[in-house]
Amino acid sequence: MTKTRLEAFSDGVMAVLITIMVLELKAPHGADLEALRPLLPTFLVYVLSFINLGIYWNNHHHMLQVTRRISGGVLWPNLHLLFWLSLIPFTTNWMGENEFAAVPTALYGVVLLCSAIAWWILQHCIVAVEGPQSALADALGSDRKAKASLAMYVAAIPLAFVRPWIADALYVAVALVWLVPDRRMESRLNHRANAV
């Protein structure tokens with residue numbers, strides 16, 4: 001099965017999610033800078049969510065670039081990932097509208113955690129199709145970065161009920177870790193290009 005359709009569909013869904021998030025940003029009624037102040041929490045969460053969706057889009061692209069083939073069994077894990085990502089606009093808006101209150105902040109973390117788990121499942125389903133000697137399997141290695149990210153999300157969710165700002169800091173930390181495209185994939189792409 002070719003990966004083109006999977007990639008095109010995923011790109012489209014992620015573009016729609018970003019569009020939905022920006023439509024949730026409501027223009028203030030005032031015409032001065034002070035009118036923007038109440039929108040600051042919503043805008044900050046929007047920036048974090050935009051970066052997170054961008055990270056998934058970017059890494060999804062890189063992952064599929066090192067993937068030679070997929071199976072029908074990969075389609076469902078990809079939809080599973082897109083399901084969790086589709087909840088990001090809702091949790092973004094809820095957390096921003098309630099100025100980082102505990103429950104919306106914790107739910108935001110649950111969605112990020114479930115998205116990360118879905119990502120891990122998708123990667124391992126692709127490796128199952130391509131085999132343990134595949135470029136993706138080689139690039140993943142022990143995947144310490146993903147394991148550390150999962151641990152930070154797991155810690156952030158209960159911390160949202162103690163100090164929401166600590167949970168927010170952990171969400172930002174995970175995003176910063178993944179902001180640079182996964183170099184493991186980049187090196188496999190460069191190796192493949194040099195081999196041709």
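- For the atom pair Thr4 OG1 and Ile70 CD1, the distance stands at 8.5 Å (nearest 0.5 Å).
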For a side-chain contact (heavy atoms from CB on, under 4.5 Å) check, start with the C-alpha distance between Glu24 and Thr92, then their side-chain angles and the critical distance, and finish with the verdict. CA-CA 9 Å; Glu24 291 294 326; Thr92 297; over 6 Å; no
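- Put simply, the side chain of Ser10 never gets that close to the backbone of Glu7: no donor and acceptor are under 3.5 Å apart.
- Side-chain atoms of Thr67 do not come within 3.5 Å of backbone N or O of Arg69 as any donor-acceptor pair.
- Across Met14 and Leu53, no two heavy atoms sit closer than the pair SD-O, 4.3 Å.
- Within the 3.5 Å criterion, the main-chain N or O of Ser134 finds no donor-acceptor partner in the side chain of Asp138.
- Hydrophobic clustering (side-chain heavy atoms under 4.5 Å, transitive across Ile, Leu, Val, Met, Phe, Trp, Tyr) keeps Ile20 apart from Phe90.
- From Ser86, atom OG reaches atom CG of Leu79 across 10.5 Å, with rounding to the nearest 0.5 Å.
- Inter-residue side-chain proximity for Val111 and Leu85 is flagged as unmet; no heavy-atom pair is nearer than 4.5 Å.
- A side-chain N or O of His60 and one of Asn78 form a donor-acceptor pair less than 3.5 Å apart.
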Please test Asn52 against Tyr171 for side-chain contact (heavy atoms from CB on, under 4.5 Å), starting from the C-alpha separation and ending with a verdict. CA-CA 9 Å; Asn52 273 307; Tyr171 302 150; 5.8 Å; no
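- A single hydrophobic cluster is seen to contain both Val110 and Ile55, as judged by linkage of ILVMFWY side chains at heavy-atom distances under 4.5 Å, directly or through other members.
- What you find for Met21 and Phe50 is that their closest heavy atoms are CE-N, 3.6 Å.
- Hydrophobic clustering keeps Phe9 apart from Val16 (ILVMFWY residues linked when any side-chain heavy atoms are closer than 4.5 Å, directly or through intermediates).
- Both Val22 and Leu17 are members of a single hydrophobic cluster when ILVMFWY side chains are connected at heavy-atom separations under 4.5 Å.
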Pairs of donor and acceptor atoms involving the side chains of residues 31-48, under 3.5 Å and at least two apart or interchain, shall be tabulated with distances.
from  : atom 1 : to    : atom 2 : distance (Å)
Asp32 : OD1    : Ala35 : N      : 3.2
Glu34 : OE1    : Arg37 : NH2    : 3.3
Glu34 : OE2    : Arg37 : NE     : 2.9
Thr42 : OG1    : Gly96 : O      : 3.4

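- Between Pro164 and Ala160, the shortest heavy-atom distance links the atoms CG-O, 3.3 Å.
- Atom CH2 of Trp57 sits in a sparse spot, with 12 or fewer heavy atoms from other residues, nucleotides or ligands closer than 6.0 Å.
- Here Ile88 contributes atom CD1 and Ser115 contributes atom OG; the two are 4.5 Å apart, rounded to the nearest 0.5 Å.
- For the pair Leu113/Ile117, a side-chain contact is recorded, criterion being any heavy-atom separation below 4.5 Å from C-beta on.
- Counting heavy atoms from C-beta on, the side chains of Val74 and Val129 come closer than 4.5 Å.
- Applying the side-chain hydrogen bond (donor to acceptor under 3.5 Å, both in side chains) test to residues at least two apart or on different chains, the pairs with a partner in residues 148-166 are Ser149-Trp178.
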Start with the C-alpha distance between Leu64 and Ile126, add both sets of side-chain angles, then the distance that settles side-chain contact (heavy atoms from CB on, under 4.5 Å), and finish with yes or no. CA-CA 9 Å; Leu64 289 179; Ile126 292 172; 4.3 Å; yes
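- Residues Val66 and Ala135 share a closest heavy-atom pair of O-CB, 4.0 Å.
- The aromatic ring centroids of Trp120 and His124 lie less than 6.0 Å from each other.
- A donor and an acceptor atom, one from each side chain of Trp84 and His80, are located under 3.5 Å apart.
- A donor-acceptor contact shorter than 3.5 Å links the side chain of Thr105 to the backbone of Phe100.
- A donor-acceptor pair under 3.5 Å links the side-chain atoms of Tyr56 to the main chain of Ala116, judged by distance alone.
- Remark: Ser49 OG to Leu112 CG distance equals 7.0 Å, nearest 0.5 Å.
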How far apart are the C-alpha atoms of Phe161 and Val103, what are their side-chain angles, what is the distance that settles it, and do they pass the side-chain contact (heavy atoms from CB on, under 4.5 Å) test? CA-CA 7 Å; Phe161 294 101; Val103 173; 3.9 Å; yes
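- Interatomic distance, CH2 of Trp76 versus SG of Cys125, reported as 13.0 Å (0.5 Å rounding).
- No donor-acceptor distance shorter than 3.5 angstrom exists from the side chain of Arg68 to the backbone of Glu130, with no hydrogens or angles considered.
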